[in-house]
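Contents: one structure, followed by commentary.
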Amino acid sequence: MIPFTALVGQTEMKLALVLNAISPRIGGVLIMGHRGTGKSTAVRSLAELLPPLPVVGGCPYGCDPAAPDCPHCSRQPESDQPLETTLRSVPVVDLPLGADLDRVVGALDIEAALVRGEQVFAPGLLARAHRGFLYIDEVNLLEDHLVDVLLDVAVSGINVVEREGISLRHPARFVLVGSGNPEEGELRPQLLDRFGLYVRVETLRDPGRRVEVVRRLQRHEEDPEAFRAEHAAATECLRARILAARRYLRQVEFPEEMLWRAAALCDVLELDGHRGELALARSATALAALVGRKVVAAADVVAVAPLCLCHRLRRDPLTDETDGGEAVQAALDEVMPGVAATDATPLLETV
C-alpha cells in the first residue's frame with residue numbers, strides 16, 4: 001500500500017480523513033468526485049498508518065480490553081485475571097452495493113441452527129468495522145434503507161438487532177467513509193447532512209503533479225520497500241501527531257468567542273438544524289490538536305468550515321452545485337474577515 005504521506009495533492013480529502021481518525025465523533029466523511037483520484041487508497045493507507053489495536057482475544061467484535069462491552073465479552077466468567085489481549089490492524093471494511101441487510105447488520109447463523117440446533121448470532125459488516133473504517137464506494141447508489149441503518153449506527157455506535165428470534169446489541173463504532181461520482185446521482189439532502197464532513201475531489205490539473213503521481217506509482221511498483229522507506233520519516237511524524245492529538249483532544253479549549261462565530265457563520269448561511277455548529281466545533285478542535293494548539297483559533301475554524309458546511313446548504317437542484325464553496329467563503333469573509341486558514345499540508349504529504 002502506498003504510504004498516506006506519499007499521496008500527491010487532494011489535501012482536503014486527506015485532512016478530512018485525519019480529523020476523523022483523531023475524533024470519530026465528527027461523523028465520518030463523504031468524498032465525491034472523479035474516478036481514479038485516490039479515494040479508496042487514501043482510506044486504506046490511513047488505516048495502515050495507524051498503530052495496531054489491542055483487542056480481546058477471540059472476540060468477534062474486536063473489543064478494547066480496557067472496556068469490553070459486547071455480548072461475547074459479557075459472557076466471560078468473572079476473574080481477577082485480565083482478558084487475553086491480541087493486536088490487530090485497524091480494520092477497513094468494504095460494504096458492497098449488493099449487500100443485503102443480513103450481511104450488514106448480522107443475522108442468525110444458519111449452519112449452527114441446522115447442524116447443532118443452536119441459536120447463534122453471526123456478526124455482520126458493522127461488527128467487523130468496529131473501531132475502524134466502514135468504506136462505501138458509490139454510496140450515492142446504495143439503497144436508501146441501508147444508508148439509513150448505517151448512518152443511525154454510525155451516530156449511536158450501537159447496532160441493535162431484533163429479528164428471527166434474536167435480540168442483541170453490540171458496539172459498532174467506526175468512521176463512516178462514503179465516496180462516489182456525483183454524475184451518477186446525488187445523495188438525498190437529509191443523508192448528506194448526516195455526514196460530518198464533505199469533500200469534492202477532482203483530477204489534478206497541474207502537469208507537474210500529474211507526472212509526480214505516475215513517478216511515485218512506478219517507484220512503488222518497482223520496489224515497494226524502498227519507496228516506503230523513502231517516506232518513513234514523514235509517515236512516522238504524522239502517526240505521532242495523530243496519536244498526540246488523540247491524547248490531548250479533550251484538553252483543547254473551544255473558546256466562547258469561537259462558538260459565537262461558528263453560530264454566526266451557520267446563521268449567515270441559513271443552515272437548518274445545528275449539526276453544522278457541532279461539526280465545526282469538533283473538527284476545529286481536532287485540527288488544533290493536530291497542529292499542537294491547546295486553544296482553537298479562528299484560523300482553525302476557517303480551515304474546516306468548507307468541509308463542514310458546503311453540503312449542508314440549501315440549494316436548487318437545477319442550478320446549484322453540491323459544494324457551495326463560494327457561499328461558504330463569502331460567509332467567512334463576513335464573519336471572520338482577513339483570517340487565513342490553518343495550513344496542515346506539510347503534515348499530510350511529502351511534496
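Fair warning: this is a prediction, and the values are worked out from it, not measured in the lab.
With Leu176 as the partner, the side-chain contact (heavy atoms from CB on, under 4.5 Å) test is satisfied by one option alone out of Val153, Ile136, Leu95: Ile136. Of the candidates Arg209, Arg210, Arg216, Arg216 is the only one forming a salt bridge (charged side-chain N to carboxylate O under 4.0 Å, His left out) with Glu212. Just one of Val328, Leu197, Leu278 meets the side-chain contact (heavy atoms from CB on, under 4.5 Å) condition when paired with Cys308; it is Leu197.
Atom-to-atom distance recorded for Leu126:CG and Asn159:CG is 5.0 Å, nearest 0.5 angstrom. Rounding to the nearest 0.5 Å places CG of Leu17 at 11.5 Å from CG of Leu49. Here the CG-CG distance, from Leu7 to Leu46, works out to 10.0 Å after rounding to the nearest 0.5 Å.
Val339 is connected to Val268 through a chain of hydrophobic side-chain contacts under 4.5 Å among Ile, Leu, Val, Met, Phe, Trp and Tyr, so both are in one cluster. The hydrophobic clustering, which links ILVMFWY residues whose side-chain heavy atoms are closer than 4.5 Å, places Ile158 and Phe133 apart. A continuous path of hydrophobic side-chain contacts links Val29 to Leu347 [ILVMFWY only; heavy atoms under 4.5 Å].
Contact between Pro255 and Val295 at its shortest, heavy atoms only, is CG-CG1, 3.5 Å. Between Val92 and Arg44 the shortest heavy-atom distance is CG1-NH1, 3.6 Å.
The aromatic rings of Tyr198 and His311 sit parallel, their planes meeting at an angle under 30°, below the 60° perpendicular limit.
For the pair Arg173 and Asp64, the salt-bridge criterion is not met [side-chain N within less than 4.0 Å of a carboxylate O].
More than 12 heavy atoms of other residues, nucleotides or ligands sit less than 6.0 Å from atom CD of Glu277.
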